[in-house]
There are 2 protein chains.
Amino acid sequence: MSNNEGKTKPRGRPQRADARRNRERLLSAARTVFATNGANASLQGIAREAGVGIGTLYRHFPSRENLYTAVYEHEVDHLVALAASRTQAPDPVAALRDWLQALVSLVATKTGMISALAISAETKSAVSQATSARLIDALGSLLDRCVTQKLLRDALSARDVLHAVVGMCLIQTEPDWQQRVAPMIDVLIDGLRRPAGD
Amino acid sequence: MSNNEGKTKPRGRPQRADARRNRERLLSAARTVFATNGANASLQGIAREAGVGIGTLYRHFPSRENLYTAVYEHEVDHLVALAASRTQAPDPVAALRDWLQALVSLVATKTGMISALAISAETKSAVSQATSARLIDALGSLLDRCVTQKLLRDALSARDVLHAVVGMCLIQTEPDWQQRVAPMIDVLIDGLRRPAGD
DNA sequence: TCAATATACGGAGGCGTCCTCCGCTTTGTA
DNA sequence: TACAAAGCGGAGGACGCCTCCGTATATTGA
């Protein structure tokens, strides 16, 4: 699915057993803590929750972005797979719409993931760029098909659309925010439709 | 223009001269520092820049949001006035579009203002709500007119549109980001247009 | 002009977070 | 079993937040 970035580094020698174990503990703790306290949660707290020293956390995940990437790797995998499975869908625009809604749903259940995406977009570290690129590619495959079939205009790049949707999610705070974003996505897609006579 | 929220508190006795002076120094310093270092800049740094103790800063602006509100009050005033001046424009959709672009332009020149708006949206303090409400009202007056004249569907509330646009700006990082957002706004408005035959 | 007093100032201090560094421990191997 | 290599942990220095209170200053009334 994903190249093993950060998961098991292709070193000369395999990782030691305790290191592997601690890594898993950290990921598990981070998932919980990010979901509870948001993406700005204290890293010390995560290490504590994992029963591990702070130094160990920083060795496995040198930066906050590295931790984000690893924690949400499965989710990104899922979205990439979803896009791949719909590249032959009979209605490409619906496929695009569904994918964006899936992104929103996913992000809605994983408190902290949006902020993680946003923070990743800000700090242009290589690891964040990679995650971002995977999502853009997935979205791009769906969007391109709509454009090629002249169902949508070519007004926005996949990157733009992704940024727009992530941005919309970012400022939402109410518990029902997912219901607020859904119509925004519909409007955005409607805005990309070709005028009837074109 | 604006009610004097935070500017000159209607106390029994007028503010002391040194207090007034320090307040201006703080605002001036905050404007500079926010523009340079973004909205997360250190408050200690602002106090230092202003040549004032940290305690003085906190007395004048008990929370970060208070400082944001005061710093960007003029900008919000400007947007409110702009909306008021266009409520009779011949083309209401163009007026709406222009206003949103003006918002983006303003925000583009004032590094830190978007984050300030976003942070204000998150922390639902009364003072932030007030600023937010002023912008929503301004935008609402333009949007309502489009809807009343059946030029646009009322699929989104003014609040939704504002959030969408602010969100779009929020994740932009490149220097040319304003050029990237402009077409997004156009697409959004196109998505709100009624189908030709409606 | 000179107290007297309300008002405002400043910054030390307590707390929490970030991240690095390095002496000690554990694991895998010969 | 012994010895590297790999990994662990947490103390420590830096920084930012915000409060609290002793000190200073502007204003006012006599």
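No hydrogens, no waters, no symmetry mates; every other heavy atom, side chains included, goes into these values. Convention: sequence-line order gives letters A, B, ...; per-chain numbering from 1.
- No engagement by Arg21(A) is indicated, since no non-hydrogen atom pair under 4.0 Å with the nucleic acid exists.
- For the residue pair Asp160(A)/Ser157(A), the side-chain donor-acceptor check at 3.5 Å is satisfied.
- Here the side chain of Thr148(A) pairs a donor or acceptor atom with the backbone of Asp144(A) at under 3.5 angstrom.
- The phosphate of dA8(C) has neither OP1 nor OP2 within less than 4.0 Å of any side-chain N or O from His60(B).
- The residue among Asp18(B) and Arg16(A) whose nearest nucleotide of DNA chain D lies closer to the 5′ end is Arg16(A).
- The distance from atom CG of Leu57(A) to atom C1' of dT17(C) is 13 Å, rounded to the nearest whole Å.
- Note on Thr56(A): a side-chain N or O is less than 4.0 Å away from OP1 or OP2 of dG9(D).
- For the OP1/OP2 pair of dC18(C) and a distance below 4.0 Å, the side-chain nitrogens and oxygens of Arg64(A) include at least one atom meeting the criterion.
- Atoms CG (Leu26(B)) and P (dG10(C)) sit 9 Å apart, rounded to a whole Å.
- In this structure the side chain of Thr36(A) never reaches within 4.5 angstrom of the side chain of Thr111(A), judged on heavy atoms.
- In this structure, CG of Leu43(B) is placed 17 Å from P of dG11(C), rounded to the nearest angstrom.
- Here Arg48(A) lies out of heavy-atom contact (under 4.0 Å) with every strand.
- At least one side-chain heavy atom of Val93(A) sits under 4.5 Å from a side-chain heavy atom of Arg193(A).
- Aromatic ring centroids of Phe61(B) and Tyr68(B) lie 6.0 Å or more apart.
- Look at Ser42(B) and you'll find a side-chain N or O under 4.0 angstrom from OP1 or OP2 of dC17(D).
- The backbone N or O of Ala89(A) sits less than 3.5 Å from a side-chain atom of Arg145(A), completing a donor-acceptor pair.
- As rounded to whole Å, 15 Å separates atom P of dC21(C) from atom CD1 of Ile54(A).
- Distances were taken from every side-chain heavy atom of Ala17(A) (C-beta onward) to each of dC8(D), dC19(C), dG28(C); the shortest belongs to dG28(C).
- Taking atom CD of Gln44(B) as the reference point, atom P of dG10(C) lies 14 Å away to the nearest angstrom.
- To the nearest angstrom, P of dC9(C) lies 11 Å from CZ of Arg20(B).
- Put simply, OH on Tyr58(B) is 16 Å from P on dA12(C), counting in whole angstrom units.
- One interatomic measurement links the two molecules: CD1 of Ile46(A) to P of dG9(D), which rounds to 16 Å at whole-angstrom precision.
- Residue Asn22(A) places at least one side-chain N or O closer than 4.0 Å to OP1 or OP2 of dC8(D).
- DNA chain C is contacted by both Asn40(A) and Gly55(B); Gly55(B) maps to the nucleotide lying nearer its 5′ end (nearest heavy atom per residue).
- Nearest nucleotide to the side chain of Ala19(B), out of dG10(D), dA8(C), dT27(C): dA8(C).
- Of the candidate nucleotides dA8(C), dC17(D), dG9(D), dA8(C) has the atom nearest to the side chain of Gln15(B).
- An OP1 or OP2 oxygen of dC8(D) is reached within less than 4.0 angstrom by a side-chain nitrogen or oxygen of Arg59(A).
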